[in-house]
Protein chains: 2
Amino acid sequence: MISTRTSQPDVIAALEDAGLRITGQRRQVVAAIERRDVGFSAEDIAGELEGVGRATVYRTLKLLVKADVICKLVLPDGTPMYSPSRLEHHHHSVCTSCGAVEEFRDTTVERVLRSLTREIEGEIVGHRMEVFIRCRSCLDSSSS
Amino acid sequence: MISTRTSQPDVIAALEDAGLRITGQRRQVVAAIERRDVGFSAEDIAGELEGVGRATVYRTLKLLVKADVICKLVLPDGTPMYSPSRLEHHHHSVCTSCGAVEEFRDTTVERVLRSLTREIEGEIVGHRMEVFIRCRSCLDSSSS
DNA sequence: AAGTTATTGATAGTAAGTATCAACTATCAA
DNA sequence: TTGATAGTTGATACTTACTATCAATAACTT
């Protein structure tokens with residue numbers, strides 16, 4: 001259903017296309033991200049990849065955000081979190097209990113933006129929309 | 001045009017109503033915020049109020065966020081920033097050049113959320129929408 | 001005015017990075 | 001295949017934005 005834009009060879013190719021070097025460390029970070037499909041922190045990756053320096057993990061994550069391979073988002077309490085990006089342009093719903101991240105596309109969001117063009121002075125250069133939820137399974141387990 | 005919910009006595013009253021003590025420090029922080037109408041950082045306030053401890057500034061800002069007197073938002077680069085809150089429920093447009101923050105209400109945003117209820121599994125407990133812009137005056141001064 | 005309890009501030013600590021820079025290595029050209 | 005070259009790495013120290021601690025202090029209450 002969901003197109004998998006983040007298969008490892010694609011990501012590596014994308015980095016190459018961006019004129020970046022393909023190093024063992026970058027491969028490891030990409031592979032570590034592939035193994036996850038819910039939100040993760042930079043420290044999660046750094047902790048998992050003992051052989052890769054922390055600075056390199058942070059640098060690579062930043063690169064991957066820029067390349068649209070992952071998204072960085074911020075929970076209501078300010079905690080940053082990363083999540084693999086599978087949809088072309090999208091927004092996030094984040095469960096505030098378990099941290100599960102889902103992506104959604106909604107054309108109405110973009111319609112809102114177009115309507116805001118009339119209301120906002122200046123040129124819109126970007127936007128962010130996050131919806132915070134209690135996901136189905138958290139609701140189910142708490143209503144016991 | 002815009003209802004000023006953050007006049008100093010009101011804010012103090014609101015804090016009192018919340019069962020909090022009205023201290024000189026809290027008055028100072030509130031007054032410092034009154035003097036601003038664009039985005040500011042916690043350190044801006046702490047730097048301005050030499051007589052008030054940093055910890056107290058941060059504590060008070062947190063209190064004021066909870067009391068809806070100010071909003072905390074996050075720029076695309078992750079920098080947190082505070083801005084006085086004048087509209088009841090609103091979203092923000094932030095100029096990525098000069099940091100000017102405007103609030104806007106848009107019922108279409110809330111309409112989007114209602115439509116998302118159908119799309120998102122789970123219970124929506126909150127949302128955040130930020131629009132990043134290049135404001136009129138930044139556009140004007142750069143096109144010279 | 002006294003008592004109780006919230007509040008403060010100095011300090012140290014945490015989370016999430018970023019800057020530095022010498023050592024290393026991917027890639028390219030010969 | 002081998003240099004040369006320029007991008008990349010990692011250890012370390014530093015930064016930003018806070019938060020925890022806790023003894024001292026000050027607000028409300030009576």
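Just the heavy atoms: all of them, side chains too, but no hydrogens, waters or symmetry mates, feed the values below. All values derive from a computational prediction rather than experimental measurement. By convention in this document, chain letters (A, B, ...) are assigned in the order of the sequence lines, proteins followed by strands, and residues within each chain are numbered from 1.
- Take the nearest nucleotide of DNA chain D for B:Lys62 and for B:Ile22: the residue whose nucleotide is more 5' is B:Lys62.
- At D:dG7, none of the side-chain N or O atoms of A:Thr23 fall inside 4.0 Å of OP1 or OP2 (strictly under the cut-off).
- Of the candidates A:Val131, A:Val74, A:Leu75, A:Leu75 is the only one forming a side-chain contact (heavy atoms from CB on, under 4.5 Å) with A:Val94.
- Residue-to-nucleotide proximity on DNA chain D shows that, of B:Arg21 and A:Leu63, the 5′-proximal contact is made by A:Leu63.
- Between the side chain of A:Arg59 and the base of D:dG7, no donor-acceptor pair under 3.5 Å is found.
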Exercise. Do A:His127 and A:His89 pass the ring pair (Phe, Tyr, Trp, His ring centres under 6.0 Å) test, and can you show the C-alpha distance, the side-chain angles, and the key distance before you say yes or no?
Worked result: CA-CA 11 Å; A:His127 65 277; A:His89 174 72; 5.2 Å; yes

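- Counting non-hydrogen atoms under 4.0 angstrom, B:Gly51 reaches the backbone sugars and phosphates but no base.
- The OH-P distance, from A:Tyr58 to D:dA11, rounds to 15 Å in whole Å.
- Put simply, A:Tyr82 has a side-chain N or O that comes within less than 4.0 Å of OP1 or OP2 on C:dG17.
- Between B:Arg105 and B:Glu88, none of the side-chain N atoms (NZ, or NE/NH1/NH2) sits under 4.0 Å from a carboxylate O, so this pair counts as no salt bridge.
- Side-chain atoms of B:Arg54 and base atoms of C:dG9 include no donor and acceptor less than 3.5 Å apart.
- At whole-Å resolution of the value, CG in B:Leu75 and P in C:dG17 are 15 Å apart.
- Separating the CD atom of B:Glu43 from the C1' atom of D:dC18 is a distance of 9 Å, rounded to the nearest angstrom.
- An OP1 or OP2 oxygen of C:dA16 is reached within less than 4.0 angstrom by no side-chain nitrogen or oxygen of A:Lys72.
- Remark: A:Gln25 is in phosphate contact with D:dG10, judged by side-chain N or O atoms under 4.0 Å from OP1 or OP2.
- One interatomic measurement links the two molecules: CD of B:Glu50 to P of C:dG9, which rounds to 12 Å at whole-angstrom precision.
- A straight line from CG of B:Leu15 to P of C:dA6 spans 16 Å, rounded to a whole angstrom.
- One atom, CG of B:Leu61, and another, P of C:dT7, lie 15 Å apart when rounded to the nearest Å.
- Using a 4.0 Å heavy-atom cutoff across all strands shown, B:Ser41 reaches no nucleic acid atom at all.
- Taking side-chain N and O atoms only, A:Arg26 has a distance below 4.0 Å to OP1 or OP2 of D:dT8.
- Distance CG (B:Asp77) to C1' (D:dT15): 14 Å, rounded to an integer number of Å.
- Straight-line distance from the CD1 atom of A:Ile12 to the P atom of C:dT27: 10 Å, rounded to whole Å.
- For A:Asp44 and A:Ser41, the side-chain atoms include at least one donor-acceptor pair closer than 3.5 Å.
- Using a 4.0 Å cut-off between charged nitrogen and carboxylate oxygen, B:Glu16 and B:Arg21 do not count as a salt-bridge pair.
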